[in-house]
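Here the structure is laid out as structure tokens; the discussion comes afterwards.
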There are 2 protein chains.
Amino acid sequence: MTTVDHLRQVRLGNLRTVLLALVDRPGSRADLAARTGLTKATLSNLTEPLLANGILVEDPATGAGMGRPSKPLRFHPDGPVAVGAEVNVSHLAVEILGLDGETLRRHIVPADIRKSSADEVLDRVSDLIREHAGPRTLLGAGLAVPGVVHDGVLVRAPNLPNLVGVPLAQRLGERLGIEVELDNEANLAALAHLWPRHLAGEDFVHVSADVGIGAGVVLHGEVYRGTSGFAGELGHVVIEREGEPCTCGSRGCVERYAGLDVILREAGRRRLDSLQKALGAGDARAVGAVRQAGQALGVGLATLMNLFDVPTVVLGGSYAVLHEHLSEAILSEMDTRVLAGGERHTHLVPSPLGEFAVVRGAAGLVTRRAVHQPERLVG
Amino acid sequence: MTTVDHLRQVRLGNLRTVLLALVDRPGSRADLAARTGLTKATLSNLTEPLLANGILVEDPATGAGMGRPSKPLRFHPDGPVAVGAEVNVSHLAVEILGLDGETLRRHIVPADIRKSSADEVLDRVSDLIREHAGPRTLLGAGLAVPGVVHDGVLVRAPNLPNLVGVPLAQRLGERLGIEVELDNEANLAALAHLWPRHLAGEDFVHVSADVGIGAGVVLHGEVYRGTSGFAGELGHVVIEREGEPCTCGSRGCVERYAGLDVILREAGRRRLDSLQKALGAGDARAVGAVRQAGQALGVGLATLMNLFDVPTVVLGGSYAVLHEHLSEAILSEMDTRVLAGGERHTHLVPSPLGEFAVVRGAAGLVTRRAVHQPERLVG
DNA sequence: GGACTAAGTTCAAGCATTGAACGAATGAGG
DNA sequence: CCTCATTCGTTCAATGCTTGAACTTAGTCC
């Protein structure tokens, strides 16, 4: 740690606050100075290299009002972008995200990859990315998978056995020539609600169901992953100690009562859209199946709330689609089971992000890192 | 944020690393420089005001080896100290803790305060503190209570209704003329295993049972309290959705199966030491009661591990006493129910701190803050 | 056109750390 | 006893980033 390093840290920290302010919204140097608490002088100084490097652009002066007109700064429309990619049991998806938080392109393709080898899957993903990325500089890529991730490797994925143990981040990185970060789809769906826009506060849990049930936990504005990447495994929270046996070896896991497969089976439907239609028509069996799942999920969520104590639960994925028919049962269980005292209450909200939450989070992983560690942008 | 502030932050940060190194063990300026990565010059500079303020002392030179002998620095033996206090249903306790992590005095007195008013309790506590504190400067006090705390107020405490809603931190602070911080006993027992000595790593859960079951959760070297102070309410994790009704309004809470009162009742004993004796004698009813509690606790802990993913569980309080007869059942449930993958395994260890864990944590709250925010020590 | 206002730039001052040079205190060896 | 080697601790000029004030620029208002 030389003295230079210390001062550099201060500078990088200030650079970060400036970039964060710009992610929030564009602004002139004077405006940014006011918003960040830094001085105009520092802002001129900090933004100069960002403009030189093509990260930011200066818009033409806007003369609204008295005094010298300001020249707003914003992220350069042709600046570097981030890639998000998702590998799932039944589909692949990509999203291209700018540093300003705007989605440039996104795409989902159905794909049954259960029987594909890891290399086949990675080839398809990298083709998909190249197709959509275009000529712009890539900051890096985030890759979402349905399973537990540790150190860039998928260590547990009951539905994608062919990908387990493969260094997916490294392999995809080699194909694309950029850095790739691997993470769990539940964590990334949660991140998408935190970055680049705060859609659910700084502390919340995002719950979604596909094959399993996954919760992405956000504490103090950071995705919480646990020591081994297993955090937030809501699907295997026990609600009946002698209940239905689960594939995980336990019994009475939430997943056995509130998993999407269970809901569909109980409702006598094969696909989510068919279930949705039935619910719309007031089909009693469908409504009952969803309500029962809601009860089980509510018990699991009550346990989760008693342990994490976060103010908000976001329902994502299939749960977002079903939320109108789920919420009542969930809330009813939570009301009776979550410890109360003082004026505590839980918000239960559906995700506004739809089916692109996961890829958006994957891309957000990259833009977030770029803003939080701006040394890469100016170096 | 003036420029001075920025540089001051750097200085305070370095001061903190130096103090942390000194909490670990005493050392000369040269030794501390090597351990912290700072230069000898900086160390002379940083420690000068600490010596002047009587926070540190310079020991006489120790001439072991060649070269100029070093003069080790350590916390001044007559320097300021922290107070820890505990108010519980059946006892009061205090501990006086030095900045070096040494316990100077500690004391527990039996007391049935269930019917006492808040003022009566606070009077007794402040008398007890004054009796043990002696003439030394007090950095502040930590106050532990069995219940949920928010903003210095006890908001939920089924066993101490007279204290609920009272601004305990403020009231005790007025009596003693120092700053008092209020916290939950579970959090503080956990803190005692983190500070001033790392007894269980940087990520762990401390579980103990008295009247209820409380878990103190430590994530990334910080006690995690949640948004409203409700985090870690393991006692009200559900293990049987239609199980025994609980006072909290829910059903099938862990507390109904693994609480100390339940264990004693099932074992046909009135007090912990009597149960202990029965266990030692191999009393089948006692052994069975403890094993059953262990199973229930294991299910709850498995759920907790699937959500928090920490590598270590510390059994404290009564559970530490019973751990020999509890561990097997707990581990057996956890083995089958905690998601595994890769080389993940959980350590289950009894607390080494005995009945003083809570007060020690309460005092540690204060010394920890003093070291982490050293501006108070030099100002 | 002149007064006014606000944006952006320039520049000396301030400050914590650094690294090198220096002084201090001891052991080893002759 | 004296000198050298060794290590500890202090002194001091240099570094580099932010700051605040002064200054320049570019508009509006009357």
Side-chain angles (χ1 to χ4, degrees), chain A residues 1-18 21-22 26-52 56-74 374-375 378-379, chain B residues 1-19 21-22 26-52 56-74 374-375 378:
Chain A
M1 280 271 241
T2 78
T3 185
V4 184
D5 287 338
H6 281 277
L7 292 173
R8 180 76 105 229
Q9 288 310 313
V10 172
R11 186 181 173 84
L12 287 173
N14 288 337
L15 212 45
R16 184 172 64 224
T17 55
V18 170
L22 278 168
S28 67
R29 295 169 180 81
D31 174 44
L32 291 167
R35 278 155 60 193
T36 59
L38 298 167
T39 60
K40 287 185 298 174
T42 305
L43 252 115
S44 285
N45 186 331
L46 288 172
T47 51
E48 192 268 317
L50 293 172
L51 285 161
L56 301 181
V57 269
E58 195 174 62
D59 281 343
T62 61
M66 277 192 295
R68 174 176 170 176
S70 62
K71 290 178 286 185
L73 304 178
R74 60 188 169 94
E375 52 270 37
V378 293
Chain B
M1 281 267 242
T2 76
T3 185
V4 184
D5 287 338
H6 280 277
L7 291 174
R8 180 76 104 226
Q9 287 310 312
V10 173
R11 186 182 173 84
L12 288 174
N14 288 337
L15 213 44
R16 184 172 64 224
T17 56
V18 170
L19 290 168
L22 278 168
S28 67
R29 295 169 180 82
D31 175 44
L32 290 167
R35 279 155 58 193
T36 58
L38 298 167
T39 60
K40 288 185 298 174
T42 307
L43 252 116
S44 283
N45 186 330
L46 287 173
T47 51
E48 192 268 315
L50 293 173
L51 286 160
L56 301 182
V57 268
E58 196 173 59
D59 281 344
T62 61
M66 277 193 297
R68 174 174 168 176
S70 62
K71 291 179 285 187
L73 304 178
R74 60 188 169 92
E375 51 270 37
V378 293

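Only this structure's heavy atoms are used, side chains among them; waters, hydrogens and symmetry mates stay out. To find a chain, count down the sequence lines: A is the first, B the second, and so on, and within it residues start at 1.
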Before giving the answer on side chain to side chain contact (heavy atoms under 4.5 Å, CB included), spell out for A/Asn14 and A/Thr36 the whole-Å C-alpha distance, their side-chain angles and the decisive distance to 0.1 Å.
-> CA-CA 8 Å; A/Asn14 288 337; A/Thr36 59; over 6 Å; no
Can you give one letter per nucleotide of nucleotides 25-30 of chain C, going 5' to 3': B for a protein heavy atom under 4.0 Å from the base, S for sugar-phosphate only, - for none?
-> BBS---
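- With rounding to whole Å, A/Lys40 atom NZ is found 13 Å from D/dT19 atom P.
- Spacing between atom CG of A/Leu51 and atom C1' of C/dG8 amounts to 13 Å, rounded to whole angstrom units.
- Listed candidates were C/dG8, D/dC17, C/dT18. Nearest to the side chain of A/Arg8 is D/dC17.
- A straight line from CZ of A/Arg29 to P of D/dG20 spans 20 Å, rounded to a whole angstrom.
- Comparing atom distances between the B/Ser70 side chain and each of D/dG9, C/dG19, D/dT18 picks out D/dG9 as nearest.
- Residues B/Thr17 and B/Leu38 form a side-chain contact, since some pair of their non-hydrogen atoms from C-beta on lies under 4.5 Å apart.
- Taking 4.5 Å as the limit, some side-chain heavy atom of B/Leu73 sits within range of a side-chain heavy atom of B/Leu51.
- As rounded to whole Å, 17 Å separates atom P of C/dA13 from atom CG of B/Leu7.
- The distance from atom CD of B/Gln9 to atom P of D/dC17 is 18 Å, rounded to the nearest whole Å.
- Take A/Arg16 and apply the salt bridge (charged side-chain N to carboxylate O under 4.0 Å, His left out) test, not counting sequence neighbours, and it matches no residue.
- Taking only side-chain nitrogens and oxygens, A/Ser44 comes nearer than 4.0 Å to OP1 or OP2 of C/dT9.
- The phosphate of C/dT18 (OP1 or OP2) has a side-chain N or O of B/Thr42 nearer than 4.0 angstrom.
- In this structure, CG of B/Leu46 is placed 16 Å from P of C/dC15, rounded to the nearest angstrom.
- D/dT25 atom C1' lies 9 Å from atom NZ of A/Lys71, rounded to whole Å.
- Contact check, B/Asn14 against C/dT17: a side-chain N or O comes under 4.0 Å of OP1 or OP2.
- Annotation for A/Leu22 and A/Gly27: closest pair CD2-N, 4.0 Å, computed over non-hydrogen atoms.
- Set against C/dT17, D/dG9, D/dT11, the side chain of B/Ala41 has D/dT11 as its closest nucleotide.
- Taking 4.0 angstrom as the limit, A/Ser28 places none of its side-chain polar atoms (N or O) nearer than this to OP1 or OP2 of C/dA7.
- Nearest heavy atom pair, residue B/Lys71 against residue B/Arg29, reads O-NH1, 4.2 Å.
- The side chain of A/Thr39 places no N or O atom within less than 4.0 Å of a non-bridging phosphate oxygen (OP1 or OP2) of D/dG20.
- Among the nucleotides D/dG9, C/dA16, C/dT18, the one closest to any side-chain atom of B/Arg11 is C/dA16.
- Remark: C1' of D/dG20 and CG of A/Leu43 are 15 Å apart, rounded to the nearest angstrom.
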Verdict with supporting geometry, A/Leu50 and A/Leu15, side chain to side chain contact (heavy atoms under 4.5 Å, CB included) | CA-CA 10 Å; A/Leu50 293 172; A/Leu15 212 45; 4.0 Å; yes
